[in-house]
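Working notes for the structure below.
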Amino acid sequence: MGVLVQIPVSLNWEAAELIEDTIFIKPRRMPLTGTFQVPGDKSISHRALILSALAHGTSKVEGLLESRDVLSTIEVLRRLGVEIYGSGGDYWIEGKGPEALREPDEILMAHNSGTTARLMLGVLAGRDFFSVITGDDSLRRRPMARVVKPLQDMGATILGRQGGDRLPLAVKGGKLRGRKHTLKVASAQVKSAILLAGLSAKGETVVVEPRQSRDHTERMMAARGASIEKEDTTIRISPGEMKAMDVKVPGDFSSAAFLITAALIIPESRIRIQGVNLNPTRTAFLKMVRMMGGKVKIISEWNEGGEPVGEIEVQYTSNLVGIRVDPADIPSAIDELPLLALLGSMAYGETLLDEAEELRVKESDRIAVTVSQMASLGARIEELPQGFAVMGPIKLHGGRVISHGDHRMAMLLALAGLVSQEGVTLEGAQAVDVSWPGFFHDLGIVEEE
Ligand code: S3P
């Protein structure tokens with residue numbers, strides 16, 4: 001049981017380009033062992049860039065995730081005149097306040113990144129200039145009215161297809177008025193867009209969430225001196241300036257969840273994951289795997305720049321049991337839920353996920369893709385209108401699957417390949433670049449060239 005993979009702290013963006021788009025994942029006969037570091041948190045990386053750009057002064061961001069989604073945010077901010085420079089995870093952003101943003105002379109391209117599109121809509125709504133923002137095929141299919149409607153209610157003019165529910169969207173902002181928004185979906189992207197608009201609105205802006213979603217925006221705004229207050233699921237923000245601040249981006253818990261799953265299901269595995277973000281609004285997946293009987297321990301925990309961070313130890317568990325997911329935990333495990341289809345296939349009894357309809361409007365319809373692709377590998381999984389039911393334990397035979405251009409689907413199906421009998425041919429492997437460039441190298445799935 002030697003150390004198989006030691007992940008470098010700063011992941012190599014170029015490494016991503018070495019991967020073929022269709023790759024074969026061999027069944028893994030050896031345990032996964034050693035100490036890992038996962039790439040920087042995607043949500044925190046976007047926010048570090050955007051809030052630094054809106055602040056006054058130079059902010060340094062250390063450990064920025066250099067993935068396709070985060071590069072989209074950098075590209076959009078640069079088009080608005082923000083100076084951003086750096087490499088190897090270390091970046092400097094020259095913040096000159098929201099007033100210094102200038103009208104872009106080109107369409108803003110968010111590519112695959114919902115966080116870029118939705119958070120930047122909140123920023124653009126506060127600016128008195130014209131802009132158009134769009135995305136790739138996947139993002140142009142995703143609902144935007146949830147952001148557009150509240151921003152229109154604050155006074156922004158936003159036009160787009162399907163009554164403003166789809167990108168491309170044209171924005172003419174400025175002269176916003178603060179007001180109270182009671183959200184129907186627990187969405188950190190929607191909440192954050194409104195809070196960003198609230199920074200430039202007249203008077204107080206209030207957001208009430210139906211359930212607590214990830215709170216990185218609130219934490220980072222407060223740390224930068226914004227006048228923001230939080231009580232349960234109600235957040236209040238008043239206009240004001242933010243100061244520059246250095247940010248150390250912790251490892252992404254959503255990426256760690258793939259390693260946790262791999263270690264839980266590959267026999268004899270035992271790993272540690274260092275420097276992972278453990279914000280409680282993100283970690284309901286830990287609660288779920290523990291309920292399944294998974295051996296997952298937090299070895300140490302500390303605070304870094306307003307976010308809890310720690311080290312996790314995971315051990316292979318041969319006797320996982322199926323669970324019924326508590327709908328109250330869904331927002332805090334939203335990006336990890338598809339992993340339950342794989343864990344559930346390895347566990348005794350039924351695993352049931354319901355009331356997770358938000359999964360249908362992610363980078364792909366993650367209910368349909370998870371069910372169809374896992375079923376084609378041999379999983380006993382059934383699609384439900386708002387989730388899935390999976391029976392285990394079962395030995396997946398393997399086969400050919402498609403990621404549908406969705407990074408989390410690609411990583412899920414790659415893990416399924418590792419525990420399959422015959423291996424998995426994965427089409428659309430490059431999608432992993434969206435959140436974890438180098439995923440296949442780091443997991444020892446493809447050899448370093
Ligand atoms: C994110 C919020 C979540 C999540 C996405 C990142 C964020 O989306 O699924 O991957 O950074 O705010 P929703 O706000 O649509 O739930």
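Remember, it's 1-based here, ligands and their atoms both numbered in the order they're listed. The structure presented is a predicted model; accordingly, all values stated were derived computationally and were not measured.
- For the pair T281 (side chain) and S332 (backbone), a donor-acceptor distance under 3.5 Å is absent.
- Applying salt bridge (charged side-chain N to carboxylate O under 4.0 Å, His left out) to R214 and the options D41, D252, D335 leaves one that passes, D335.
- Salt-bridge formation is detected for the pair K287/D329: a Lys NZ or Arg NE/NH1/NH2 atom is positioned less than 4.0 Å from an Asp or Glu carboxylate oxygen.
- Annotation for E229: atom CD does not count as buried by contact number, only 12 or fewer foreign heavy atoms lying within 6.0 Å.
- E231 meets the side chain to side chain contact (heavy atoms under 4.5 Å, CB included) test with no other residue; sequence neighbours excluded.
- Around atom NZ of K230, more than 12 heavy atoms belonging to other residues, nucleotides or ligands sit under 6.0 Å away.
- Listed by chain and residue number, the protein contacts of ligand 1 are S43, R47, T115, R118, S187, A188, Q189, R214, I334, D335, K362 (heavy atom within 4.0 angstrom).
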